[in-house]
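Worksheet for the structure shown next.
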Amino acid sequence: MKINIITIDGPAGSGKGKIAKYVAKKWKLKHLDSGIFYRRIAYIISKKKINPINKITIKILINDIDQISSQKNKILRSEKISNIASIIAEYKFVRDFVNTQQKLTIKKSKNKNGFVIDGRDIGSVVFKNASIKLYIDVDVNIRAKRRHKQLIDMGEKSIYPQILKDIKLRDKKDKSRKNSPLVIPEGAYVVDNSSKFSITQNQLNIIIGKYINGKY
Ligand code: DC
């Protein structure tokens, strides 16, 4: 049976993770959050007190890692880890490593139905031949408000203007970096996930149902 791959790309705080989880549950697919890999590397860098701009040390560190876990963990969601992840995601050797890890995870998985993978370059670079590609977008102010609330709920200190500034900076980095910038992948369905125009579950299921084994 053909493995279905659904890619969901979009900027920080667009809600792509939530949509990915919903799609995975509905269609019995496995959810892979590619950002976790960048966050895990950022976490190791932070623990080892390596300066994220020190490419040589990070390269040595990565060369020593065989496999990195795709397990989610609350500690990977802090603002500090987000900022380090955003810096190292610019390095080509880090991106190559993460892309290999994603492919390895899929190869080793026993799930035969397929995967829904979310990130920044999944439909444009990593899985260009995916069955369905979605690109989720939301106004930056709404994203910053959501992120602010998320941090407060997690018990972290959060100052809204600072969060807005951080998100704008991360957006700029994501969209302007030389290696795999955040773009709308060719052939992607663009979804505005701001509350007013949010895609309905029904619309999403119609799009996906057409592809998944003709079940819809
Ligand atoms: O989606 P996220 O916020 O968990 O991603 C964490 C960081 O990793 C973010 O700075 C963007 C980067 N990232 C990326 O460059 N490419 C991906 N496919 C996924 C994440």
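Just follow the structure's listing: the first ligand is 1, and inside any ligand the first atom is 1. Small disclaimer: the values here were computed from a predicted structure and weren't measured.
Residues lining ligand 1 at a heavy-atom distance below 4.0 Å are given as Lys16, Ser34, Gly35, Tyr38, Arg39, Arg77, Ala85, Ser86, Ala89, Arg95, Gly119, Arg120, Asp121, Ile122, Asp174, Arg177, ordered by chain and residue number.
Annotation for Lys173: atom NZ counts as buried by contact number, over 12 foreign heavy atoms lying within 6.0 Å. In Lys72, the NZ atom is crowded: over 12 heavy atoms of neighbouring residues, nucleotides or ligands sit closer than 6.0 Å.
Judged purely by distance below 3.5 Å, without hydrogens or angles, the side chains of Tyr135 and Asp192 never pair a donor atom with an acceptor atom. Between the side chains of Asn83 and Arg170, at least one donor N or O sits under 3.5 Å from an acceptor N or O.
Salt bridge status for Asp33 with Arg77: present, with a side-chain N to carboxylate O gap under 4.0 Å.
Residues Phe37 and Ile65 fall within the same hydrophobic cluster, defined by Ile, Leu, Val, Met, Phe, Trp and Tyr side chains chained together at heavy-atom separations under 4.5 Å.
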